[in-house]
Amino acid sequence: MPGQKIRIAAIPGDGVGHDVVPAAAQVVREAGAASGVEVEVAFYNYGVLRYLEEGKPLPDDVPGLVRDLASRHDAILFGSAGLDPRQPPTVNCRDLLVGLRWVLDGYVNLRPAPLLHPRFCPLERKVPIDLVVIRENTEGVMTRIGGNFKKGTSDEVAIQEDINTYKGVERICRYAFEYARGHGYQKVTMADKHGSLIHAHGLWQRVFWATAEKHKDVEGEHRFIDTLCMELVQHPDRFGVIVTNNMYGDILSDLCAGLVGGVGLAGSGCINPGNISMFEPVHGTAPDIALKGIANPFAATLAGRIMLDHLGHRRAADLIWGAIQLAVKEDQVTGDLGGQLGTQAVTEFLCKAVHKLAGK
Ligand code: NAD
Ligand code: MN
């Protein structure tokens, strides 16, 4: 709530995270200041810089590290993990990213895909787009349960299990309805394939409609995942909040990102509503442009916007959105968006813009 103080752990990680996380943290701080929220940001040196100093990118006890960070902060702003030109390819911050996702049980992967400007939409017919993909983030076919029998022979059998629990499906459906209610969306669309996956998605059907019954002010609707992909391309303006399982959500969130300008403009949250949550740009370490001062800070800053919104600071979150819209309108953007500016100049523009917008 305004007047409060929030404590953010900022972890640039590897590669371009070092360009965009300090930038995003600066904008988040200013948006907080412009709306009466004190944002305290502590930077943590894991990944490439730590490797260069100490020979190791991470402490040995990663789960312990995650729990320690969680006990001292309200949220984590993460950059990216992966290859960095300054370290051997085997050494990176990936274990921390995976640790953060699993130890914190961030079961909601929140991927808003709002259209910043019509020019970012590849569709010829321009319509307003404001999609939010809510992906179940801990179950489905991504649990790695399964195995291979007679591996490497022509008799090989490969089994990948699809795990769907009542608890997991119920909490993600409930989150989707509550998110829609709290953010002014009229309906929640659930995507599955229950005609074929009768057991797993039969559970999704029963749980989704029972959850819809408990949230009568928000309409529930269903689409088969394949149909939804087609309709999203034809009529993206007909959809808003979409909830789905881990794998469909993985694919759908990239489709939605593509409709509004690509993953370079996308922020995401890995949220556990009852615990500390993590926020990150969707893009990776961008080794081709990392550490050159030319990276686009929008995706990381949009992750900061989702973080502020999640923490209940809607005004600060809206200021960030307004500032980014203004930057696009006035062409105060980096090269990937056709502009002339570097990361720092865009960041300074955003910081000034949040104060300007707050003063209106
Ligand atoms: P990438 O997202 O790093 O880059 C894809 C393209 O987008 C590149 O051309 C890059 O220059 C551009 N790009 C990315 N971020 C940008 C920014 N902020 N501003 C301007 N342009 C930007 O994906 P990749 O090249 O497939 O992967 C590179 C590394 O990142 C790999 O090691 C991969 O494993 C890792 N990765 C990490 C994450 C994560 O940490 N969540 C996600 C994806 C990939
Ligand atoms: Mn993906």
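Everything quoted here is computed from the prediction, not taken from an experiment. As the structure lists them, so they are numbered: ligands from 1, and atoms in each ligand from 1.
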*Distance-only side-chain donor-acceptor flag, Trp209 / Gln205, under 3.5 Å*: yes
Could you list each nitrogen or oxygen of ligand 1 that sits under 3.5 Å from a protein nitrogen or oxygen, with the atom names and the distance?
residue: ligand 1; atom: 2 (O); partner: Gly284; partner atom: N; Å: 2.7
residue: ligand 1; atom: 3 (O); partner: Gly284; partner atom: N; Å: 3.4
residue: ligand 1; atom: 3 (O); partner: Thr285; partner atom: N; Å: 3.2
residue: ligand 1; atom: 3 (O); partner: Ala286; partner atom: N; Å: 2.7
residue: ligand 1; atom: 9 (O); partner: Asp288; partner atom: OD2; Å: 3.2
residue: ligand 1; atom: 11 (O); partner: Asp288; partner atom: OD1; Å: 2.8
residue: ligand 1; atom: 11 (O); partner: Asp288; partner atom: OD2; Å: 2.9
residue: ligand 1; atom: 15 (N); partner: His283; partner atom: ND1; Å: 3.3
residue: ligand 1; atom: 18 (N); partner: His283; partner atom: NE2; Å: 3.2
residue: ligand 1; atom: 18 (N); partner: Asn296; partner atom: O; Å: 3.0
residue: ligand 1; atom: 19 (N); partner: Asn296; partner atom: N; Å: 2.9
residue: ligand 1; atom: 30 (O); partner: Thr285; partner atom: N; Å: 3.0
residue: ligand 1; atom: 30 (O); partner: Thr285; partner atom: OG1; Å: 3.2
residue: ligand 1; atom: 32 (O); partner: Leu83; partner atom: N; Å: 3.1
residue: ligand 1; atom: 40 (O); partner: Ala81; partner atom: N; Å: 2.9

*Around Glu231, counting heavy atoms of other residues, nucleotides and ligands shown, do more than 12 lie under 6.0 Å from its CD?*
yes
*side chain to side chain contact (heavy atoms under 4.5 Å, CB included) partner of Ile242, chosen from Val132, Leu252, Ile134, Ile225*: Leu252
*Hey, which of Tyr175, Tyr179, Phe279 is the one that makes ring-ring contact (aromatic ring centres under 6.0 Å, His included) with His310?*
Phe279
*Cation-pi check, Lys216 onto Phe177 ring (under 6.0 Å, within 45° of axis)*: no
*Between His73 and Tyr44, does the ring centre distance come in under 6.0 Å?*
yes
